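Worksheet: one structure, shown below.
Both backbone and side-chain heavy atoms feed into the values below; hydrogens, waters and symmetry mates do not. Owing to the predicted nature of the structure, the values given are computational and were not obtained by experimental measurement.
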Amino acid sequence: QVQLVESGGGLVQAGGSLRLSCAVSGVIFSIYTMGWYRQAPGTEREMVATITYHGDTNYADAVKGRFTISRDNREKTVSLQMNSLRPEDTGVYYCRAIQVNSWGQGTQVTVSS
(Lines give C-alpha, C1' and ligand atoms only; values in the text may rest on other atoms or scores of the structure.)
Protein backbone atom coordinates (compact mmCIF):
# COMPACT_ATOMS: atom_id res chain seq x y z
CA GLN A 1 0.00 0.00 0.00
CA VAL A 2 1.34 3.39 -0.99
CA GLN A 3 1.81 5.93 1.78
CA LEU A 4 2.74 9.56 1.30
CA VAL A 5 3.45 11.90 4.21
CA GLU A 6 3.95 15.62 3.65
CA SER A 7 5.73 18.01 5.96
CA GLY A 8 7.10 21.53 5.96
CA GLY A 9 4.02 23.72 5.69
CA GLY A 10 3.44 26.75 7.85
CA LEU A 11 2.82 30.48 8.01
CA VAL A 12 5.14 32.83 6.15
CA GLN A 13 5.07 36.46 5.08
CA ALA A 14 4.80 37.42 1.44
CA GLY A 15 8.21 37.23 -0.22
CA GLY A 16 9.36 34.47 2.10
CA SER A 17 10.24 30.85 1.43
CA LEU A 18 9.13 27.40 2.51
CA ARG A 19 10.30 23.91 1.64
CA LEU A 20 7.81 21.05 1.53
CA SER A 21 8.84 17.42 1.70
CA CYS A 22 6.98 14.20 0.95
CA ALA A 23 8.16 10.82 2.20
CA VAL A 24 6.92 7.85 0.16
CA SER A 25 6.70 4.21 1.16
CA GLY A 26 5.17 1.05 -0.21
CA VAL A 27 6.16 1.43 -3.87
CA ILE A 28 9.17 1.24 -6.12
CA PHE A 29 9.49 5.00 -5.83
CA SER A 30 11.92 5.58 -8.64
CA ILE A 31 9.52 4.49 -11.38
CA TYR A 32 6.75 6.91 -10.52
CA THR A 33 6.04 10.42 -11.65
CA MET A 34 5.45 12.51 -8.53
CA GLY A 35 3.53 15.73 -8.20
CA TRP A 36 2.64 18.55 -5.87
CA TYR A 37 -0.89 19.91 -5.98
CA ARG A 38 -2.67 22.58 -3.98
CA GLN A 39 -6.18 23.54 -3.06
CA ALA A 40 -7.33 26.91 -1.77
CA PRO A 41 -10.68 27.29 0.04
CA GLY A 42 -13.57 27.23 -2.40
CA THR A 43 -11.44 26.20 -5.35
CA GLU A 44 -10.57 22.97 -7.13
CA ARG A 45 -7.32 21.18 -6.52
CA GLU A 46 -4.71 22.22 -9.06
CA MET A 47 -1.36 20.93 -10.23
CA VAL A 48 1.63 22.90 -9.01
CA ALA A 49 4.57 20.85 -10.28
CA THR A 50 5.44 17.34 -11.43
CA ILE A 51 8.67 15.40 -11.82
CA THR A 52 9.27 12.15 -13.69
CA TYR A 53 11.61 9.42 -12.59
CA HIS A 54 14.06 10.82 -15.16
CA GLY A 55 13.89 14.20 -13.44
CA ASP A 56 11.88 15.98 -16.13
CA THR A 57 9.81 18.72 -14.55
CA ASN A 58 6.62 20.58 -15.34
CA TYR A 59 5.25 23.65 -13.54
CA ALA A 60 2.02 25.58 -13.42
CA ASP A 61 2.45 29.00 -15.02
CA ALA A 62 1.63 30.68 -11.69
CA VAL A 63 4.70 29.22 -9.98
CA LYS A 64 7.30 29.12 -12.77
CA GLY A 65 10.53 30.76 -11.71
CA ARG A 66 9.56 30.70 -8.03
CA PHE A 67 9.05 27.03 -7.15
CA THR A 68 11.40 24.10 -7.72
CA ILE A 69 10.44 20.43 -7.48
CA SER A 70 13.08 17.80 -6.83
CA ARG A 71 13.31 14.16 -5.84
CA ASP A 72 15.70 11.78 -4.14
CA ASN A 73 15.08 8.27 -5.43
CA ARG A 74 17.37 6.72 -2.84
CA GLU A 75 15.61 8.39 0.09
CA LYS A 76 12.19 8.08 -1.60
CA THR A 77 11.33 11.71 -1.10
CA VAL A 78 10.05 14.52 -3.27
CA SER A 79 10.42 18.17 -2.29
CA LEU A 80 9.03 21.53 -3.32
CA GLN A 81 11.15 24.61 -2.69
CA MET A 82 8.88 27.65 -2.72
CA ASN A 83 10.44 31.12 -2.97
CA SER A 84 8.96 34.59 -3.37
CA LEU A 85 5.71 33.37 -1.88
CA ARG A 86 2.53 35.33 -2.49
CA PRO A 87 -0.78 35.40 -0.62
CA GLU A 88 -2.39 33.61 -3.57
CA ASP A 89 -0.09 30.63 -2.90
CA THR A 90 -2.06 29.95 0.28
CA GLY A 91 -3.71 26.55 0.41
CA VAL A 92 -3.35 22.92 1.36
CA TYR A 93 -0.50 21.29 -0.55
CA TYR A 94 -0.70 17.63 -1.44
CA CYS A 95 1.85 15.14 -2.66
CA ARG A 96 0.72 12.63 -5.27
CA ALA A 97 2.08 9.45 -6.81
CA ILE A 98 0.52 9.99 -10.21
CA GLN A 99 0.42 6.55 -11.81
CA VAL A 100 -1.32 5.01 -8.80
CA ASN A 101 -3.30 8.17 -7.98
CA SER A 102 -2.26 8.05 -4.33
CA TRP A 103 -2.34 11.21 -2.25
CA GLY A 104 -0.88 12.39 1.01
CA GLN A 105 -2.94 13.99 3.75
CA GLY A 106 -1.83 17.51 2.83
CA THR A 107 0.06 20.28 4.58
CA GLN A 108 -1.20 23.84 5.08
CA VAL A 109 0.70 26.75 3.59
CA THR A 110 -0.42 30.23 4.56
CA VAL A 111 1.17 33.36 3.10
CA SER A 112 0.31 36.62 4.81
CA SER A 113 0.41 39.96 3.02
Any heavy-atom pair between the side chains of [Y] and [X] that's under 4.5 Å?
X: Thr57; Y: Thr50; answer: no
X: Gln3; Y: Val24; answer: no
X: Arg45; Y: Arg38; answer: no
X: Ile69; Y: Val78; answer: yes
X: Val48; Y: Met82; answer: no

Quick check against the 3.5 Å criterion: does [X] have a side-chain atom that pairs as donor or acceptor with the backbone of [Y]?
X: Glu46; Y: Gln39; answer: no
X: Thr107; Y: Gly9; answer: yes
X: Ser79; Y: Ser70; answer: no

Please round to the nearest 0.5 Å and tell me the distance separating atom [atom1] of [X] and atom [atom2] of [Y].
X: Leu4; Y: Lys76; atom1: CG; atom2: NZ; value: 10.0 Å
X: Trp36; Y: Arg96; atom1: CH2; atom2: CZ; value: 14.0 Å
X: Thr77; Y: Glu6; atom1: OG1; atom2: CD; value: 13.0 Å
X: Tyr94; Y: Tyr37; atom1: OH; atom2: OH; value: 13.5 Å

Considering only residues two or more places apart or on different chains, which pairs with a residue in residues 11-113 satisfy disulfide (SG to SG under 2.5 Å)?
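Qualifying pairs, neighbours excluded: Cys22-Cys95.
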Cluster check Leu20, Met47: I/L/V/M/F/W/Y, side chain < 4.5 angstrom:
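In one cluster: no.
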Val5, Trp103: one ILVMFWY side-chain cluster at the under-4.5 Å cut-off?
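No, separate clusters.
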Does the side-chain contact (heavy atoms from CB on, under 4.5 Å) test come out yes or no for Tyr32 and Val100, once each step is laid out?
CA-CA 8 Å; Tyr32 288 100; Val100 293; 3.5 Å; yes
Taking every non-hydrogen atom, the tightest pair across [X] and [Y]:
X: Thr90; Y: Val111; answer: OG1-N, 2.9 Å
X: Ala14; Y: Ser113; answer: CB-CA, 4.3 Å
X: Val109; Y: Asp89; answer: CG1-O, 4.3 Å
X: Val12; Y: Leu18; answer: CG1-CD1, 4.0 Å
X: Leu80; Y: Ala49; answer: CD1-CB, 4.3 Å

Provide the full list of side-chain hydrogen bond (donor to acceptor under 3.5 Å, both in side chains) pairs with a residue in residues 13-22, sequence neighbours left out, each pair given once.
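Non-adjacent pairs meeting side-chain hydrogen bond (donor to acceptor under 3.5 Å, both in side chains): Ser17-Asn83, Arg19-Gln81.
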Is there any ring-ring contact (aromatic ring centres under 6.0 Å, His included) pair reaching into residues 44-70, and which pairs are they, with sequence neighbours excluded?
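Of all non-adjacent pairs touching residues 44-70, none passes ring-ring contact (aromatic ring centres under 6.0 Å, His included).
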Salt bridge or not between Asp61 and Lys64? Use side-chain N to carboxylate O under 4.0 Å.
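Yes.
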